[in-house]
Every structure is written in C-alpha cells, then in structure tokens.
Amino acid sequence: MIQATTRLYLHDSSRFNFEATVVAAQIRDGVHWIALDQSAFYPEGGGQPADRGTLNGLPVTDVQAHEDVVWHALGAAGNDQSLAVDTHIHGAVDPIRRLDHMQQHCGQHILSAAFQALCGAATVGFHLGERLVTIDLDMPVLQRNQVQAVEDLANQIVWGNLSVTVRILARDELNGLALRKTPTIAGPVRVVSIDDFDHSACGGTHPAYTGTVGIIAVLRWTRQRSGVRVSFACGARAVHELRRLNQVASEAAEQLSVGLDELPVATKRLLVAQQTLQRQLATAEERLLDDEAERLYAAGEPVGTNRVVQVCFADLSVERLRALAQAIAARPGGIALLGSSGARANLVVACAVESGYEADQLLAHGLTRLAGRGGGNARLAQGGSPQSEHLEAALSTIRQQIQA
C-alpha cells in the first residue's frame, strides 16, 4: 500500500519549495509518475487546475490525486534511476502560476458570496480556465445593475484587505458556522474563511489576505440551461483582459473615426445602415432574378402548351439555381431544367402545376445518366453528382423525356 501524501499547501498556500522522499514510481502510457511522502503541489480538482514546477530540476507536467496519494507527472523526462523510490528530492512550485490560481480562486469565493448576499443566488458550478474563470448561478436572469452592485461589493472586500484563514474542523465544530454551502464529505472539513464575510468548505489554494486578489472584473454573463454563467477575471488576469478589451474597442473606434464613448452609437448606426443595404440588395437581386427568368422563359422551347428552359451554367450556386428554376416554373407552363458544372454537378428541375409533369420524376432520369443522388417533389427537385462532365447529357436526357 502506497504511503499517503502530506499535502503542504492545505496549511500554507504560499509555500513554493519543499523537501520530500519518493515513495512510489510508475509508468503509465509512457508517462513517468512519482508519489512523494509530502508535497506542496496542488493536484487538479475542485474546478482548479494543477500546479506546475520542478522536482530535482525535472519539469512537472501534471499533478493528480488518487485517494490519499498525490501523483506528479514528469512526462518522458523522469526515469526509474533519476527518481527511484527512497530518492530525496527538492520540489519547486511555479510561484507565478500558483499566485494566479490563488487570486482567481479567492476571487471566486468573494464574488460568489457577493451574489449570494445581494441576489440570493447560489453558485452551483465553478471552472478556473486558462484565461477566464466562470461560475454558474441558480438564477434565471441577471441584470446589469445587479452585476455592477455585486462587482462593487466584491472589490470592497478585496480592497479591505481582509484576512483569509484556513481551518480543519471536525463535523461538530461546524455548528453555528454560516457555511455558504453544506459540505457533502464525511469527516473533518477544510474551511476557508474570509473574515466574517464568507465561510466555505474548500480544498483549493488561497492568499492570506484578500488584497492579494487585486481586483475582480466581471466581463460577461449568459444564460446557461436554467441559470446564468458569469465570466470574470481577477488580479493580473483582470488587468490583461481589460487591456485587451480596451485595445479591441480602441481599434474599432479608430476604424469608425469616433471616440470610445461614441462607439455604441456608431456601431448601432452602422448596423442599421448595413441592414438597410441588405434589404435593398435583396430587392435588387429579386428583380434581377425575375428579369433573368423572364428572358430565359421567353427563349425557351415550346413543347405543346409548355415552355422548356434548358440551361447549364458554370459554377452557379444551388440556391441561385433553385430560385431561378422556381421563377421560371411560376410562369404559364414553365419547365426549368437547370444545371451548374462546377467542381460538382448540380441539377435542379422545376415544373409549373399546369405543365402535366412532375419534377422529381424528371430528375430521376437525369440522375441515372449522372449516377447521382437527389430528390424533391412534383414542383421542385434537385440532385448532384461528382460527374460534371455528364451534366449536359443528363439535361438532354430529361428534355427527351418531355419531348417524347
């Protein structure tokens, strides 16, 4: 049985260097994993990513916990000789990554407590990503004024530089402690307290004072299933993200030749203009298509009381083919046999109601010649095939069926 790992970060999240002894070594899927008698490395869990760093100078690429044992991945760098069982090692946790995770995780506690206090919304999900952090709230909708009030309260807690304490408490010691969420684990509970503002059962890493969080910036929120997902950033991440957003907004304002404060109005004005142009373009395209349909219909071959239009275009979209065919079939006795011979052969057949022909049946004759696939109904049918070189022959085959 492998010796349990003493987790040094549980009592001191600011400890980055430590000494330990290897108690187990394994190779799994080509990756070397070692377990230590004690470790300051935080293993992935509870919504927080694992620490990074080195063991005897070798890079630690991942940290995972299995029951009471913390395993450290060394990739292909470690081997049985360099870090064998009973080897004494020096561990060094990446302090920049650890500080970032402490800022984000403590900031999450503060923000969740603020949402609970001001909106009565409990946090039901938490994820610490590489760039942003998210929490899921059990509330159906979130208003901007609520977000601003919560953000203000959260930053007051940060700038108040309140103490953050960690205690391992027995179950009976939890009585009278206003935990934000009832713990589900049995036995002693690690409680992280932010003065009297928040008490949470948590196994993550946190700073000693809220001032270390620096700043909490709520960046966006969206509906997520039956609740709301809030994305935010703390400390250095918040600075970098706000800097990035400012750059994006500044570049957009420069492109529109307006000031930053004028950007929303200018964007709305641009959107309205674009929608107007799109409507005008759609109207013009409809007129052009109707004119083209009229020209082709007039030049079509009379077959009884019908008029057959057979045309093969070069690289015309299926959407355009279909619209043109329908416009031709909307005219008295109109039968459209249209094809496009791009990288793939596309074939569209449309028949007027009074023509006496059914488009899907006519299409079937053409697809047999093309060895293609397709379908539709009596009024409109379409198909395709990679054999573009046989498209003209397929159209002629359909036309012969009509003439017969």
Report the distance from atom [atom1] of [X] to atom [atom2] of [Y], rounding to the nearest 0.5 Å.
X: Q64; Y: W33; atom1: CD; atom2: CH2; value: 5.0 Å
X: D136; Y: R229; atom1: CG; atom2: CZ; value: 4.0 Å
X: H88; Y: L36; atom1: NE2; atom2: CG; value: 11.0 Å
X: L99; Y: T212; atom1: CG; atom2: OG1; value: 7.5 Å
X: L263; Y: S250; atom1: CG; atom2: OG; value: 9.0 Å
X: L370; Y: Q387; atom1: CG; atom2: CD; value: 6.5 Å

With heavy-atom distances below 4.5 Å as the criterion, would you say the side chains of [X] and [Y] are in contact?
X: H11; Y: V166; answer: no
X: W71; Y: I2; answer: yes
X: L137; Y: V124; answer: no

Hey, is the main chain of [Y] close enough, under 3.5 Å, to the side chain of [X] for a donor-acceptor pair?
X: W221; Y: L142; result: yes
X: D198; Y: A113; result: no
X: N377; Y: L380; result: yes
X: R171; Y: P188; result: no
X: Y357; Y: I402; result: yes
X: Y9; Y: S39; result: no

Could you check [options] and say which one makes a side chain to side chain contact (heavy atoms under 4.5 Å, CB included) with [X]?
X: I398; options: L367, V308, L337; answer: L337
X: P43; options: Q48, R7, H66, H72; answer: R7
X: F41; options: D62, V60, T5; answer: V60

Applying side-chain contact (heavy atoms from CB on, under 4.5 Å) to N346 and L338, what does each step give before you reach the verdict? CA-CA 8 Å; N346 290 307; L338 307 182; over 6 Å; no

Determine whether the side chains of [X] and [Y] contain a donor N or O and an acceptor N or O closer than 3.5 Å.
X: S13; Y: T205; answer: no
X: S193; Y: H199; answer: yes
X: S388; Y: R344; answer: no

Quick one: do R97 and D51 satisfy salt bridge (charged side-chain N to carboxylate O under 4.0 Å, His left out)? Show the steps, please. CA-CA 7 Å; R97 181 180 174 90; D51 281 331; 5.2 Å; no

Aromatic contact between H101 and Y42, with the criterion being ring centroids under 6.0 Å apart: yes or no?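 Ring centres of Y42 and H101 not closer than 6.0 Å.
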
Could you check, using the six-membered ring where one of them is a Trp, whether F126 and H105 have ring centers closer than 6.0 angstrom?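 Yes - the distance between ring centres of F126 and H105 falls below the 6.0 Å cut-off.
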
Show, in sequence, the C-alpha distance, side-chain angles and deciding distance for Q108 and T123, and conclude whether the side-chain contact (heavy atoms from CB on, under 4.5 Å) test is met. CA-CA 10 Å; Q108 178 263 314; T123 295; 4.3 Å; yes

Where do [X] and [Y] come nearest, in terms of heavy atoms and distance?
X: T210; Y: G160; result: OG1-C, 4.4 Å
X: V69; Y: Q3; result: CG2-O, 3.8 Å
X: L321; Y: L316; result: CD2-CD2, 3.8 Å
X: L363; Y: G374; result: CD2-C, 4.4 Å
X: Q38; Y: L8; result: OE1-CD2, 3.6 Å
X: H365; Y: Q361; result: CD2-O, 3.2 Å

Electrostatic pair E151-R144, nearest N-O below 4.0 angstrom: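 No, this pair does not count.
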
I'd like to know if D94 pairs up with R52 as an ion pair, taking the criterion as any Lys NZ or Arg NE/NH1/NH2 lying under 4.0 Å from an Asp or Glu carboxylate oxygen.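 Answer for the salt bridge query: no.
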
Checking E292 against R287 for the salt bridge (charged side-chain N to carboxylate O under 4.0 Å, His left out) test, could you report, in this order, the C-alpha distance in whole Å, the side-chain angles of both residues, the deciding distance, and whether it holds? CA-CA 9 Å; E292 186 174 8; R287 291 174 180 171; over 6 Å; no

Evaluate R180 against Q116 for side-chain hydrogen bond (donor to acceptor under 3.5 Å, both in side chains), listing each step before the verdict. CA-CA 8 Å; R180 182 156 39 86; Q116 182 77 59; over 6 Å; no

Please step through side-chain contact (heavy atoms from CB on, under 4.5 Å) for the pair V348 and L324, ending with a clear verdict. CA-CA 9 Å; V348 175; L324 189 57; over 6 Å; no

Apply salt bridge (charged side-chain N to carboxylate O under 4.0 Å, His left out) to residues R167 and E173 and explain how you reach the verdict. CA-CA 11 Å; R167 292 170 288 172; E173 292 180 291; over 6 Å; no

